[in-house]
K.L.:
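For reference, the structure I am asking about is given below.
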Amino acid sequence: MATRVDTHQRGNVTVLVPRGKITIGAGDIALRNAMQATMNNGAANIVVNLGEVSTIDSSGVGELVSAYTTAMNRGAKVKLANLSPKINDILSITQLITVFDIYDSEDEAVASYSS
């Protein structure tokens, strides 16, 4: 199954929902393209809802880090929501769990921008 990234607006927050695998050669490119398009459209508040992601590899993690760094350089913020236990473990092992703002649900992540 090809990875796709759906995007929707919730107030002043742009939500990206990757579906499938974020792995080298497929999902990583889909995520990169969606993130670049979102930031090029001027989005400053971004939530990546990972609830529909079945697998992520080092390339996918690299894309998340790249998106985070690019957003910071543009004065935007990227927050993560709905991490599966597997993705949570990967971010914990790589110590990236301390870098990203992580929320249990998309609702919580979106609400965090207004607080």
Side-chain angles (χ1 to χ4, degrees):
M1 176 180 127
T3 299
R4 71 175 209 267
V5 182
D6 296 331
T7 307
H8 59 272
Q9 282 295 128
R10 292 188 54 184
N12 67 342
V13 180
T14 303
V15 181
L16 277 66
V17 186
R19 300 179 191 281
K21 298 178 177 181
I22 304 179
T23 55
I24 192 163
D28 61 335
I29 295 167
L31 180 61
R32 178 185 317 143
N33 291 342
M35 194 60 85
Q36 285 177 341
T38 297
M39 286 191 259
N40 288 342
N41 287 333
N45 302 329
I46 303 165
V47 170
V48 181
N49 180 340
L50 296 170
E52 300 291 324
V53 174
S54 57
T55 308
I56 192 166
D57 67 3
S58 59
S59 181
V61 171
E63 280 307 318
L64 289 175
V65 172
S66 175
Y68 179 86
T69 305
T70 302
M72 293 289 285
N73 290 339
R74 293 184 181 199
K77 279 193 161 180
V78 175
K79 299 181 181 186
L80 305 181
N82 267 345
L83 274 63
S84 69
K86 188 174 182 182
I87 295 173
N88 195 60
D89 286 349
I90 290 168
L91 293 181
S92 294
I93 290 166
T94 57
Q95 297 293 305
L96 291 171
I97 204 99
T98 61
V99 172
F100 289 101
D101 288 340
I102 297 174
Y103 297 87
D104 290 338
S105 70
E106 180 180 310
D107 290 342
E108 288 178 31
V110 169
S112 73
Y113 279 110
S114 59
S115 57

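Residue indices begin at 1 and follow the sequence shown.
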K.L.:
Asn73: what forms a side-chain hydrogen bond (donor to acceptor under 3.5 Å, both in side chains) with it, not counting sequence neighbours?
P.N.:
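Testing Asn73 for side-chain hydrogen bond (donor to acceptor under 3.5 Å, both in side chains), a comparison that skips the adjacent residues, returns none.
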K.L.:
When rounded to the nearest 0.5 angstrom, what distance separates CG in Leu31 from CG in Leu16?
P.N.:
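One gets 7.0 Å once the value is rounded to the nearest 0.5 Å.
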K.L.:
Considering only residues two or more places apart or on different chains, which pairs with a residue in residues 93-104 satisfy salt bridge (Lys or Arg N to Asp or Glu O under 4.0 Å)?
P.N.:
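Checked against salt bridge (Lys or Arg N to Asp or Glu O under 4.0 Å) - neighbours excluded - no pair reaches residues 93-104.
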K.L.:
Do Leu64 and Val17 land in one hydrophobic cluster if side-chain heavy atoms of ILVMFWY residues count as linked below 4.5 Å?
P.N.:
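No, no single cluster joins them.
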K.L.:
For residues Gly25 and Asp28, report the shortest heavy-atom separation together with the two atoms involved.
P.N.:
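Shortest heavy-atom contact: N-OD1, 2.9 Å.
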K.L.:
To the nearest 0.5 angstrom, please state how far the CG atom of Leu83 sits from the CG atom of Asp89.
P.N.:
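Rounded to the nearest 0.5 Å, the CG-CG separation comes out at 10.0 Å.
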K.L.:
How about Gln36 and Thr70: do any of their side-chain heavy atoms sit closer than 4.5 Å?
P.N.:
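Gln36 does not reach Thr70 side chain to side chain.
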K.L.:
Can you list everything that forms a side-chain contact (heavy atoms from CB on, under 4.5 Å) with Ser92? Sequence neighbours excluded, please.
P.N.:
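Partners of Ser92 by the side-chain contact (heavy atoms from CB on, under 4.5 Å) criterion, ordered by chain and then number, come out as Asn88, Ile97.
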K.L.:
Which residues satisfy the side-chain contact (heavy atoms from CB on, under 4.5 Å) test with Asp57, sequence neighbours excluded?
P.N.:
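Expected list: Thr23, Ile24, Ser59.
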K.L.:
Would you please name every residue forming a side-chain hydrogen bond (donor to acceptor under 3.5 Å, both in side chains) with Asn82, sequence neighbours left out?
P.N.:
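Checked Asn82 against side-chain hydrogen bond (donor to acceptor under 3.5 Å, both in side chains); matches are Asn49.
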K.L.:
For Gln9, give me all partners under side-chain hydrogen bond (donor to acceptor under 3.5 Å, both in side chains), at least two apart in sequence or on another chain.
P.N.:
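Here the qualifying residues are Thr14.
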K.L.:
Of all heavy-atom pairs between Ala34 and Val5, which one has the smallest distance, and what is that distance?
P.N.:
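That would be CB-CG1, 3.6 Å.
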K.L.:
Give every residue pair that meets the ring-ring contact (aromatic ring centres under 6.0 Å, His included) criterion with at least one member in residues 24-58, sequence neighbours excluded.
P.N.:
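Residue pairs passing ring-ring contact (aromatic ring centres under 6.0 Å, His included), neighbours aside: none found.
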K.L.:
Tell me whether Leu96 shares a hydrophobic cluster with Met35, the cluster being built from Ile, Leu, Val, Met, Phe, Trp, Tyr side chains joined at under 4.5 Å.
P.N.:
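Yes, same cluster.
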K.L.:
Ile22 and side chain to side chain contact (heavy atoms under 4.5 Å, CB included): which single residue from Val61, Leu50, Ile29 fits?
P.N.:
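Looking at Val61, Leu50, Ile29, the match for Ile22 under the side chain to side chain contact (heavy atoms under 4.5 Å, CB included) is Leu50.
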K.L.:
Residues in salt bridge (charged side-chain N to carboxylate O under 4.0 Å, His left out) with Glu52, at least two apart?
P.N.:
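Residues passing salt bridge (charged side-chain N to carboxylate O under 4.0 Å, His left out) with Glu52: Arg19.
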K.L.:
Hey, what do you get for CD1 (Ile87) to CD1 (Ile56), rounding to the nearest 0.5 Å?
P.N.:
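It comes to 5.0 Å.
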K.L.:
Return the set of residues passing side-chain contact (heavy atoms from CB on, under 4.5 Å) with Tyr68 (not counting sequence neighbours), or none when no residue passes.
P.N.:
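Tyr68 satisfies side-chain contact (heavy atoms from CB on, under 4.5 Å) with Met72, Val99, Phe100 once adjacent residues are dropped.
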K.L.:
Same hydrophobic cluster for Tyr113 and Leu80, using side-chain heavy-atom links shorter than 4.5 Å among ILVMFWY?
P.N.:
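Each belongs to a different hydrophobic cluster.
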K.L.:
For Asp107, which residues count as a side-chain contact (heavy atoms from CB on, under 4.5 Å) partner, sequence neighbours excluded?
P.N.:
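Asp107 satisfies side-chain contact (heavy atoms from CB on, under 4.5 Å) with Arg10, Ser105 once adjacent residues are dropped.
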K.L.:
Under a single-linkage definition using a 4.5 Å side-chain heavy-atom cutoff for Ile, Leu, Val, Met, Phe, Trp and Tyr, are Val48 and Ile90 assigned to the same hydrophobic cluster?
P.N.:
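Yes; Ile90 is reachable from Val48 via cluster members.
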K.L.:
What pairs meet the salt bridge (Lys or Arg N to Asp or Glu O under 4.0 Å) rule with one or both residues in residues 33-51, with sequence neighbours excluded?
P.N.:
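Pairs touching residues 33-51 that pass the test: none.
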K.L.:
Does anything in residues 62-86 form a salt bridge (Lys or Arg N to Asp or Glu O under 4.0 Å)? List the pairs, not counting sequence neighbours.
P.N.:
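Non-adjacent pairs meeting salt bridge (Lys or Arg N to Asp or Glu O under 4.0 Å): Arg32-Glu63.
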K.L.:
Membership question, hydrophobic clusters at under 4.5 Å side-chain separation (ILVMFWY): are Tyr103 and Val78 in the same one?
P.N.:
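Each belongs to a different hydrophobic cluster.
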